[in-house]
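These figures come from a predicted structure and were not determined experimentally. Quick note: numbers below take in every heavy atom, side chains included, and nothing from hydrogens, waters or symmetry partners.
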Amino acid sequence: MKQFVRFFRDIHTARSAVSSKRFYGGVGFVCSVVFVAIWQHELVDELLYTSAGLIGFDTLRKIIRRAE
């Protein structure tokens, strides 16, 4: 339990290795996947397309930044 409290406190500091934005974004993404999987079955395809598109966009962004 102490490790969880320490981790939770550390993500809100500037010197942390884990970004609070990245952490809460991951939590939000998992919550949206669970919501779609349980209540909105017809949105599963859209969620997968959007997720794949964002991953592809991030990969292209990294490649372009390296080239500059």
Side-chain angles (χ1 to χ4, degrees):
M1 184 67 176
K2 286 183 180 182
Q3 290 177 336
F4 177 74
V5 172
R6 186 179 310 130
F7 171 76
F8 192 73
R9 185 179 60 225
D10 286 347
I11 65 170
H12 293 95
T13 61
R15 57 185 162 81
S16 174
V18 178
S19 168
S20 61
K21 291 178 186 177
R22 191 173 296 149
F23 175 76
Y24 287 119
V27 169
F29 179 73
V30 169
C31 290
S32 67
V33 168
V34 170
F35 175 78
V36 167
I38 293 175
W39 291 290
Q40 300 291 328
H41 298 291
E42 64 273 0
L43 295 177
V44 171
D45 290 340
E46 286 81 2
L47 179 69
L48 292 175
Y49 296 146
T50 303
S51 299
L54 289 172
I55 290 171
F57 178 73
D58 188 51
T59 303
L60 286 174
R61 184 185 57 85
K62 287 179 184 178
I63 290 172
I64 290 171
R65 280 201 174 165
R66 249 187 265 147
E68 290 179 350

Quiz item: Applying the side-chain contact (heavy atoms from CB on, under 4.5 Å) test to K62, which of D58, T59, L60 qualifies?
Solution: D58

Quiz item: Linking I/L/V/M/F/W/Y whenever any side-chain heavy atoms sit under 4.5 Å apart, do Y24 and V30 land together?
Solution: no

Self-check item: Exercise: identify the closest heavy-atom pair between L43 and V36
Solution: C-CG1, 3.8 Å

Practice problem: Spell out, yes or no, whether V44 and V34 are grouped together once hydrophobic residues are joined by side-chain heavy atoms under 4.5 Å, including indirect joins. | Solution: yes

Quiz item: How would you list, by chain and number, every residue that makes a ring pair (Phe, Tyr, Trp, His ring centres under 6.0 Å) with F29, sequence neighbours excluded?
Solution: none

Self-check item: Heavy-atom neighbours of Q3 CD exceed 12 at 6.0 Å
Solution: no

Quiz item: Is it true that V33 and L48 fall in one hydrophobic cluster, defined by side-chain heavy atoms closer than 4.5 Å?
Solution: yes

Quiz item: Taking a hydrophobic cluster as the set of Ile, Leu, Val, Met, Phe, Trp and Tyr residues connected by side-chain heavy atoms closer than 4.5 Å, whether directly or through intermediates, do F35 and I38 fall within one such cluster?
Solution: yes

